[in-house]
**Student:** 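Just dropping this structure here.
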Amino acid sequence: MTTAIEWTDTVWNPVTGCSKVSEGCRNCYAFALHDMRHKAFQEGKRLPQQYAKPFKELQLFSERLEQPVKWKKPRKIFVNSMSDLFHKDVPGWFIKQVFDIMMKADWHVYQVLTKRADRMREIVTAYLEHEKLDKLPPHIWIGVSVENEDANRERVHHLVKTKASVRFLSCEPLLGPIDLSVHLNWLERDTGKPYIHWIIAGGESGSNARPMRQYWVESLRDQCKEFGVAFFFKQWGEFLPHEDDDEDPEFWVTDEGAGFVHTSIPTDDDWDYMNRVGKKRAGRLLDGQEWNQFPDGGERDAN
Ligand code: SF4
């Protein structure tokens with residue numbers, strides 16, 4: 001299935017459904033989209049059977065497992081854009097089948113992203129032991145979502161201890177400053193490079209989006225530059241920093257939160273002004289440049 005997500009080519013959803021675990025889930029697009037269709041299904045609209053159930057009920061689709069084998073042209077595949085593969089309700093035997101397919105259809109690149117880093121580490125370790133492998137091969141990229149420092153502390157140490165050839169972070173929606181120096185200073189013995197190979201960053205989109213400060217994303221880009229890590233800037237989201245020649249600013253944002261200029265004042269003395277301009281106009285330029293790097297040395301094709 002094609003997708004508008006800039007850092008992948010296709011999504012593969014052998015599982016749907018999930019539950020919220022952290023601030024990054026607050027405005028989950030998959031949740032909102034699925035439950036909107038679920039409501040329409042209940043009202044009698046003709047929609048696929050998967051919408052008979054709400055998003056909070058996980059569904060396994062064994063019949064979708066073989067899809068990547070049928071896709072003959074190599075592509076980057078985002079695994080489970082409508083769920084989290086390592087959710088506690090996805091049984092280990094099913095996750096093993098997903099990994100078996102990724103090993104079999106090895107002409108693709110798989111991007112496996114989770115917020116359940118502890119279970120991911122446990123299951124990947126067990127899988128490697130079972131298959132007598134030292135680490136996951138370079139076509140299976142393993143990543144964790146890191147929206148703020150809490151997520152950094154909770155998840156990244158599990159990622160760097162997961163035996164994978166390619167590890168990545170998705171810092172989207174970026175909700176605060178993130179300091180990765182502890183992890184990036186730690187180098188793999190065999191490659192002499194950091195254990196993290198790719199960082200995606202982006203602001204939130206959608207009607208309830210929260211603004212992203214410019215320095216949060218610039219700091220991630222600069223950490224990538226300093227440590228030789230590939231960086232991909234996906235989007236600003238709904239907001240852009242206020243420029244002097246813009247009309248009056250609409251919002252303020254601090255590291256603690258955001259508010260309307262006309263109804264509240266920041267309690268912090270360090271804030272940025274932002275304007276809501278919409279996702280399309282906000283675009284994906286950071287300091288006048290697109291950042292389209294991939295961990296395999298590739299770049300995103302121009303549109
Ligand atoms: S983990 Fe991902 S899919 Fe699950 S609720 Fe959170 S954002 Fe949505």
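All ligand and atom numbering here is 1-based and tracks the order in the structure. Counting from 1, the numbers follow the sequence of the chain as shown.
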**Student:** Which atoms of ligand 1 have any heavy atom of S19 under 4.0 Å away?
**Tutor:** 4 (Fe), 5 (S)

**Student:** Taking atom NZ of K72 as the centre, report whether more than 12 heavy atoms of other residues, nucleotides or ligands fall under 6.0 Å from it.
**Tutor:** yes

**Student:** Taking the six-membered ring of Y215 (Phe, Tyr or Trp), confirm whether the NZ or CZ of R213 is under 6.0 Å from its centre and within 45° of its axis.
**Tutor:** no

**Student:** Tell me whether R116 reaches ligand 1 (any heavy atom closer than 4.0 angstrom to a ligand atom).
**Tutor:** yes

**Student:** If the threshold is 4.0 Å, N to carboxylate O, is there a salt bridge linking E66 and K70?
**Tutor:** no

**Student:** Salt bridge or not between R153 and D150? Use side-chain N to carboxylate O under 4.0 Å.
**Tutor:** yes

**Student:** Do any pairs count as a salt bridge (Lys or Arg N to Asp or Glu O under 4.0 Å) and have a residue in residues 123-147, sequence neighbours left out, and if so which ones?
**Tutor:** K96-E131, K135-D190, E147-R155

**Student:** Any salt bridge (Lys or Arg N to Asp or Glu O under 4.0 Å) pairs touching residues 79-92, not counting sequence neighbours?
**Tutor:** D84-R116

**Student:** How many protein atoms of type N/O/S are positioned less than 2.8 Å from atom 8 (Fe) of ligand 1?
**Tutor:** 1

**Student:** Taking ring pair (Phe, Tyr, Trp, His ring centres under 6.0 Å) as the definition, give me every residue that meets it alongside H34, ordered by chain and number, with sequence neighbours left out.
**Tutor:** Y51, F55

